[in-house]
Amino acid sequence: MATFSQSTFDKGSDIVQDFLCSNCEEKKLDNTADFYCDICVKFYCGKCIGMHRQLFTKHAPFGRGDMKKWPVTKMVEDFLLKCDVHKDKKLEMVCSEHSELCCTSCAFLNHRHCQKATISDIIKSQSKDLQQLSVFNETILKELKKLQDDQEASIRSVQSSYDEQLHKIQETRREINAALNAIEQKTLNEMKDTLTKLQASSKRDVDKCIMLRDELTQLRDAIQDISDTSNLELSFIATRKCEDKIEQSEIFLKKNSLQDKLYVTFQPNNEIVQYLSKLSGLGRIEHSTQTLRVQENPNKVITVQGKSVHNVKFSSDLKECNILAILVLPDRQLLIADNNNKNVKLLNQEYQGVSHWSSTAGPYDMCLIAPREVAVTVNDTRKNIHEVHFITVSYRKLLQGRKLQLLHRCNGIAFHQADLYITSDTALFKYTLNGKLVSKMYEDTSGDYTVYRCAVSPTGDRLYITNNSQHKLLTLAKDGSVLATFTDPALRRPNVVNVTPAGQVLVSGWASYTILQVESDGKRKLATLATKEDGLKEPMSVCYNRHTAFFIVGLCDNSSILVFKVQ
């Protein structure tokens with residue numbers, strides 16, 4: 001058999017197949033193959049195919065237009081068969097309990113006691129839609145690329161905001177420095193004023209001393225000059241002036257005999273230092289998050305293209321199913337709340353039963369809390385059971401977690417950003433995940449089942465509740481105020497309301513046998529998606545599956561679900 005040409009692993013994770021001409025490759029020439037002959041098991045380029053056709057006229061090689069009939073390249077085969085854990089081993093088995101591909105080492109080390117089957121046995125009974133998987137894969141790749149772009153933009157945004165806030169910190173420091181400089185200058189001015197006042201007082205005393213000394217010195221010299229004369233008049237005057245100045249000097253000296261030396265002192269305001277030392281910084285460092293969402297049209301009309309029916313009754317079920325809620329998990333498995341049989345069923349992507357969780361009371365509704373955790377409402381009025389159970393999906397099993405016990409019925413349930421919204425037939429309550437009541441958001445006691453089921457928009461700005469007894473769909477604001485009331489002859493006894501990831505609103509009419517799409521603001525009907533003619537009879541639940549572009553409907557006392565292909 002000819003050696004298949006190489007596959008080139010391009011940048012990222014995309015695999016680009018690059019087949020080389022087998023003849024040219026033997027001559028150490030790298031010419032791309034344009035044809036493949038399954039009889040010769042060889043690849044040919046445009047030149048070599050001419051000789052091949054002359055020699056083998058009955059061979060019908062496949063061109064690039066028929067590449068689906070070309071073999072998988074060796075490198076692609078090795079890439080797919082290689083165990084992610086044990087690189088030198090090939091995948092040969094599947095662990096049924098953990099739904100994991102295994103090589104012989106994985107099977108021995110991690111799944112020794114598990115039920116396993118060989119891949120060759122499994123593919124005999126199961127088929128995979130690779131085209132649908134490829135479409136879904138491309139969707140996920142686009143979503144990952146969008147998320148990567150958003151996160152890279154977030155990194156740039158954080159850096160930009162950091163630079164801006166760093167400048168703000170420096171500006172704050174300059175403002176503080178300016179304020180401290182002003183306080184310092186004010187203190188210096190005050191001290192200088194004190195110095196000037198103190199110096200002025202001493203200067204006056206100095207000037208007085210100088211004046212008295214000068215006058216006494218002059219009198220002393222004058223007395224010495226007239227001491228040898230007999231001029232009695234001058235002697236008398238000199239004596240009196242000298243006595244007067246001496247008396248003035250004595251009075252001045254006596255007045256200032258206890259004069260202390262003057263000092264200027266500074267007493268720091270310790271409160272400033274103490275206050276600054278208590279501060280943890282120049283201000284608070286905070287971070288904020290701006291949610292980036294792909295802008296989808298919540299009012300894009302859904303178009304139904306086909307329908308299939310799937311039976312979901314388990315062998316252990318004693319009654320016909322009554323499917324009150326359907327939930328699609330991130331891994332594309334389904335959860336179905338069967339009220340009649342008091343269980344929640346786990347289905348695989350082909351709607352085949354995998355496992356189930358049993359309850360002491362009938363489940364009513366479900367919502368996703370985390371990628372593998374759901375909250376389920378259960379009720380049994382006769383036994384006074386009104387609970388919310390948290391179930392974890394672990395591999396192919398449903399594991400019971402904690403539960404909340406409520407004082408009122410808990411029918412509908414929805415979740416958004418750590419808040420649980422629960423309906424009780426006549427009221428809508430908001431709870432924390434720990435079961436703490438936040439508020440009663442809305443109440444209508446004018447009849448029974450006036451607040452039956454609920455849903456929340458992807459952005460959390462709208463809440464939708466069904467008024468079953470009065471044939472209404474209500475749209476509420478985040479504070480519980482009514483934004484819109486929708487009624488329609490095609491909507492009688494509405495049960496469940498479901499909101500798609502794009503924000504499209506689907507509501508089921510139990511008595512009218514309908515599924516309607518309603519405008520996201522809850523004011524008008526956009527389309528009738530399914531009716532009695534489509535097999536709808538007393539629809540109890542509806543759920544949109546974004547992975548497959550299907551919406552799924554559960555019926556009253558019916559073990560089948562209806563799956564509608566949409567666009």
Side-chain angles (χ1 to χ4, degrees), residues 302 304 306-314 317-328 334-345 347 351 361-366 376-381 409 411-413 423 425 447-455 464-474 486-499 505-518 525 527-545 550-566:
I302 294 173
V304 177
K307 183 196 73 174
S308 59
V309 182
H310 302 271
N311 189 292
V312 295
K313 188 175 183 179
F314 280 26
D317 292 339
L318 301 178
K319 302 178 181 179
E320 284 295 317
C321 301
N322 187 22
I323 303 168
L324 297 192
I326 303 172
L327 186 64
V328 179
L334 268 70
L335 289 177
I336 290 181
D338 182 355
N339 185 266
N340 279 354
N341 293 294
K342 298 181 181 180
N343 61 34
V344 173
K345 299 175 168 66
L347 309 182
Y351 310 106
Y364 273 71
D365 200 4
M366 301 179 291
V376 183
T377 58
V378 300
N379 291 282
D380 189 328
T381 303
R409 280 187 62 86
N411 289 341
I413 188 168
T423 61
D425 286 346
D448 297 330
Y449 313 119
T450 53
V451 186
Y452 190 59
R453 301 285 282 273
C454 64
Y464 304 94
I465 59 174
T466 54
N467 183 328
N468 182 274
S469 60
Q470 298 172 2
H471 321 295
K472 299 176 183 177
L473 174 69
L474 275 68
F486 171 76
T487 58
D488 191 274
L491 184 69
R492 289 185 290 119
R493 303 301 295 268
N495 271 3
V496 71
V497 56
N498 180 257
V499 181
V505 180
L506 311 181
V507 59
S508 68
W510 178 80
S512 54
Y513 298 3
T514 55
I515 302 293
L516 305 183
Q517 181 183 356
V518 180
K525 179 176 70 176
T528 300
L529 303 181
T531 64
K532 185 178 182 180
E533 284 70 26
D534 299 304
L536 246 62
K537 183 180 180 182
E538 298 178 343
M540 300 297 292
S541 55
V542 61
C543 178
Y544 180 81
N545 186 342
F550 294 158
F551 73 83
I552 307 164
V553 180
L555 307 176
C556 179
D557 295 330
N558 192 316
S559 295
S560 295
I561 58 173
L562 306 182
V563 180
F564 293 87
K565 175 67 176 176
V566 299

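Computed from heavy atoms alone, side chains included, the values below leave out hydrogens, waters and symmetry copies. Everything numeric in this text was worked out from a predicted model, so none of it was measured.
Here S559 pairs with E320 under the side chain to side chain donor-acceptor pair (under 3.5 Å) rule; sequence neighbours left out. Shown here are the ring pair (Phe, Tyr, Trp, His ring centres under 6.0 Å) partners of Y364, two or more places apart in sequence or in another chain: there are none. Scored by the salt bridge (charged side-chain N to carboxylate O under 4.0 Å, His left out) test, R493 finds no partners at all (sequence neighbours excluded). Listed by chain and residue number, nothing satisfies the salt bridge (charged side-chain N to carboxylate O under 4.0 Å, His left out) test with K342 (two or more places apart in sequence, or in another chain). The side-chain contact (heavy atoms from CB on, under 4.5 Å) test applied to N558 returns L555, S560, not counting sequence neighbours.
Side-chain contact between I326 and L334 is present, with heavy atoms from C-beta onward closer than 4.5 Å. Contact annotation: the side chain of D338 never approaches that of P363 to less than 4.5 Å [non-hydrogen atoms, C-beta and beyond]. Counting heavy atoms from C-beta outward, T423 and Y452 have side chains that stay 4.5 Å or more apart. Using a 4.5 Å heavy-atom cutoff, the side chains of N467 and I465 are not in contact. Looking only at side-chain heavy atoms (C-beta outward), I323 and M540 stay at 4.5 Å or farther from each other.
Other residues, nucleotides and ligands contribute at most 12 non-hydrogen atoms within 6.0 Å of the NZ atom of K532.
Ring geometry for F564 against F551 counts as parallel: the plane angle stays under 30°, on a 0 to 90° scale with 60° as the upper cut.
Checked by atom type and distance alone, the side chain of K307 pairs as donor or acceptor with a backbone atom of D534 at under 3.5 Å. No side-chain donor-acceptor contact under 3.5 Å links D425 to the backbone of Y449. Between the T377 side chain and the G412 main chain, no donor and acceptor come within less than 3.5 Å of each other. Under a 3.5 Å cut-off, the side chain of S508 and the backbone N or O of V542 do not form any donor-acceptor pair.
Interatomic distance, L473 CG to L516 CG, rounded to the nearest 0.5 Å: 9.5 Å. Atom CD1 of residue I515 and atom CG of residue N498 lie 9.5 Å apart, to the nearest 0.5 angstrom.
Side chain to side chain, N340 and D557 meet the donor-acceptor criterion of an N or O pair below 3.5 Å. Inspection of the N343 and D317 side chains reveals an N or O donor paired with an N or O acceptor under 3.5 Å.
Taking all atoms of both residues into account, the shortest heavy-atom contact from H471 to T487 is O-CG2, 3.6 Å.
Sequence neighbours left out, the pairs with a member in residues 536-545 that pass side chain to side chain donor-acceptor pair (under 3.5 Å) are N545-T548.
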